[in-house]
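All values derive from a computational prediction rather than experimental measurement. Heads up: numbering here begins at 1 and tracks the sequence.
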Amino acid sequence: MAHYELKTSPLTSEEKTWCKKLEKLLLSTPDRLGLYTIGDRDLHVFDEAEATRTGLDIADCAASSAGLVLERIKCRVNIHSLAG
C-alpha cells in the first residue's frame, strides 16, 4: 500500500463555525425524516418513519418507488457515499 503525505491546512475559524452550525442543524432533524445520498451533490430527505414501519430497505430506487422521498437538497460539493 502506497503512503501519501497529505498537504492540507487545519480548518479556519470560519470553517469550524460553519461545521458547528451544520452539525447543530442536522442534530435537530425532525424524528420522521431520514437522510441519504447516492454519492452526488444531493442530500435526499425521506420519510424514515414510514420506511421503518413498512420494513422498506432504504435504497434510492426503493425509497423513490415507494414515494418516500420528500425533498432533495442540493449542495455545492459532492457528498461522497462511503460504506463503513
Side-chain angles (χ1 to χ4, degrees):
M1 177 186 242
H3 174 74
Y4 298 98
E5 187 175 332
L6 301 176
K7 306 275 188 209
T8 189
S9 303
L11 291 174
T12 65
S13 60
E14 182 180 333
E15 292 166 336
K16 285 180 183 180
T17 299
W18 180 85
C19 288
K20 288 185 186 302
K21 286 179 183 178
L22 179 60
E23 182 179 47
K24 183 176 180 179
L25 180 64
L26 292 174
L27 286 171
S28 69
T29 304
D31 291 340
R32 163 176 103 107
L33 303 181
L35 306 170
Y36 72 89
T37 183
I38 58 172
D40 56 11
R41 294 174 187 250
D42 296 340
L43 187 61
H44 300 262
V45 180
F46 73 102
D47 189 333
E48 184 172 38
E50 184 64 11
T52 300
R53 186 187 73 75
T54 59
L56 181 69
D57 182 17
I58 307 165
D60 179 48
C61 58
S64 294
S65 297
L68 297 178
V69 177
L70 304 169
E71 188 69 53
R72 279 184 19 202
I73 300 169
K74 296 203 177 289
C75 297
R76 186 182 62 78
V77 298
N78 278 335
I79 304 171
H80 299 279
S81 178
L82 306 173

**Q** Which heavy atom of Asp42 sits nearest to which heavy atom of Thr37, and what is that distance?
**A** O-OG1, 3.1 Å
**Q** Quick one: SG on Cys19 to NZ on Lys24, what's the gap to the nearest 0.5 Å?
**A** 15.0 Å
**Q** Is it true that Glu14 and Lys16 make a salt bridge, defined as a side-chain N closer than 4.0 Å to a carboxylate O?
**A** no
**Q** Using a 4.5 Å cut-off between side-chain heavy atoms of Ile, Leu, Val, Met, Phe, Trp and Tyr, which other residues end up in the same hydrophobic cluster as Leu70?
**A** Trp18, Leu22, Leu26, Leu33, Leu35, Leu43, Val45, Ile73, Ile79
**Q** With the threshold set at 4.0 Å, does a side-chain nitrogen-carboxylate oxygen contact exist between Glu23 and Lys20?
**A** no
**Q** Looking at Glu15 and Thr12, would you say the former's side chain and the latter's main chain have a donor-acceptor pair under 3.5 Å?
**A** yes
**Q** Could you measure the distance from the CZ atom of Arg41 to the NZ atom of Lys74? Nearest 0.5 Å is fine.
**A** 10.0 Å
**Q** Measuring from atom OG1 of Thr29 to atom CG of Leu27, what distance do you get when rounded to the nearest 0.5 angstrom?
**A** 7.5 Å
**Q** How far apart are the closest heavy atoms of Ser81 and Ile38, and which atoms are they?
**A** CB-C, 3.9 Å
**Q** Run Val69 and Tyr36 through side chain to side chain contact (heavy atoms under 4.5 Å, CB included) and show every step you take.
**A** CA-CA 10 Å; Val69 177; Tyr36 72 89; 3.4 Å; yes
**Q** Report yes or no: does Asn78 contribute a side-chain atom to a donor-acceptor pair with the main-chain N or O of His80 at less than 3.5 Å?
**A** no
